[in-house]
Amino acid sequence: DLQAPLKLYLEYANEIWLGGKGFDTDGQKFWRALPGNSGSTDWGDCERWNAYRSVQIWQIFKTVWGDEFSTRIVRVIAGQIGNTGVADPPQTDVFNSATYNPQGLWPNYYADAPYLNGQSTSELQSSIHTNLNGIRADQNISLYKSHHTGLVSYEGGYDVSADSNGVELTTDAATYD
């Protein structure tokens, strides 16, 4: 029982484009199984599936939550930092479609993962600056901007490891300078 004023952040899937895990091919397969999509060969089909399933799940929650849906359920769609091709056009094709999105639901937030990595604090800090450029690109996804979709980043980098002296970068105070 989620007590007011708490909110539920609802995201169908994260990093559906990952090729090594089969998420991308599964998403492509599911999207292409929908009527009218059988001839598609676009890599973006996995992101179309991500958007489509997101819309379906949001619609279910809207039915269950009724009037509280717009104030208590926060709709999130995953993206890939700096790769605006994940969202525009694949995801926005679905959000703009009366067929796939009959209620016109758009995400409240576009969530991109800041892929931080490095073997030293200076490499990690450089990685942060590279990610900022990707975040700036994501802020310019025009269709999301026009629907007042916010931008959030998550994770913080599971690629962060110990430096050459064995200092764990996630606990090194210099990492956060």
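Both backbone and side-chain heavy atoms feed into the values below; hydrogens, waters and symmetry mates do not.
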Check: Pro89 main-chain N/O paired with Thr92 side-chain donor or acceptor under 3.5 Å
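Yes; judged by distance alone, with no hydrogens or angles, the pair exists.
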Reported [atom1]-to-[atom2] distance for the pair [X] and [Y], which is rounded to 0.5 angstrom:
{"X": "Arg48", "Y": "Tyr52", "atom1": "CZ", "atom2": "OH", "value": "14.5 Å"}
{"X": "Leu8", "Y": "Trp65", "atom1": "CG", "atom2": "CH2", "value": "6.5 Å"}
{"X": "Asn96", "Y": "Gln91", "atom1": "CG", "atom2": "CD", "value": "12.0 Å"}
{"X": "Asp42", "Y": "Asp93", "atom1": "CG", "atom2": "CG", "value": "8.5 Å"}

Go through it in stages, so that I can follow the logic: the residues are Trp49 and Asp26, the test is side chain to side chain contact (heavy atoms under 4.5 Å, CB included), and I'd like the CA-CA distance, side-chain angles, deciding distance and then a yes or no.
CA-CA 9 Å; Trp49 178 254; Asp26 285 347; over 6 Å; no
Shortest non-hydrogen separation from [X] to [Y] and the atoms involved:
{"X": "Gly44", "Y": "Pro90", "answer": "O-CB, 3.5 Å"}
{"X": "Ser54", "Y": "Tyr12", "answer": "OG-CB, 3.4 Å"}
{"X": "Ala78", "Y": "Ala13", "answer": "CB-O, 3.3 Å"}
{"X": "Leu105", "Y": "Gln59", "answer": "CD1-CG, 3.8 Å"}

When the aromatic ring centroids of Tyr100 and Trp31 are compared, is their separation below 6.0 Å?
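Under 6.0 Å, so yes.
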Strictly under 6.0 Å, is that where the ring centroids of Phe61 and Trp58 end up?
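They do not qualify: ring centres at least 6.0 Å apart.
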Residues 70-77 side chain polar contacts: donor-acceptor under 3.5 Å, at least two apart:
unit_1 : atom_1 : unit_2 : atom_2 : d
Thr71  : OG1    : Glu68  : O      : 3.3
Arg72  : NE     : Leu6   : O      : 2.7
Arg72  : NH1    : Glu68  : OE2    : 2.9
Arg72  : NH2    : Leu2   : O      : 2.7
Arg72  : NH2    : Gln3   : O      : 3.3
Arg72  : NH2    : Leu6   : O      : 3.1
Arg75  : NE     : Trp106 : O      : 2.7
Arg75  : NH2    : Trp106 : O      : 3.0

Please walk me through it: do Arg32 and Ser38 pass side chain to side chain contact (heavy atoms under 4.5 Å, CB included)?
CA-CA 5 Å; Arg32 293 169 187 166; Ser38 62; 5.8 Å; no
So does Lys29 pair up with Asp45, basic N to acidic O under 4.0 Å?
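Judged by the 4.0 Å cut-off on N to carboxylate O distance, Lys29 and Asp45 do not form a salt bridge.
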Atom OH of residue position Tyr109 - does it have more than 12 heavy atoms of other residues, nucleotides or ligands inside 6.0 Å?
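No - once you tally the heavy atoms of other residues, nucleotides and ligands closer than 6.0 Å, there are 12 at most.
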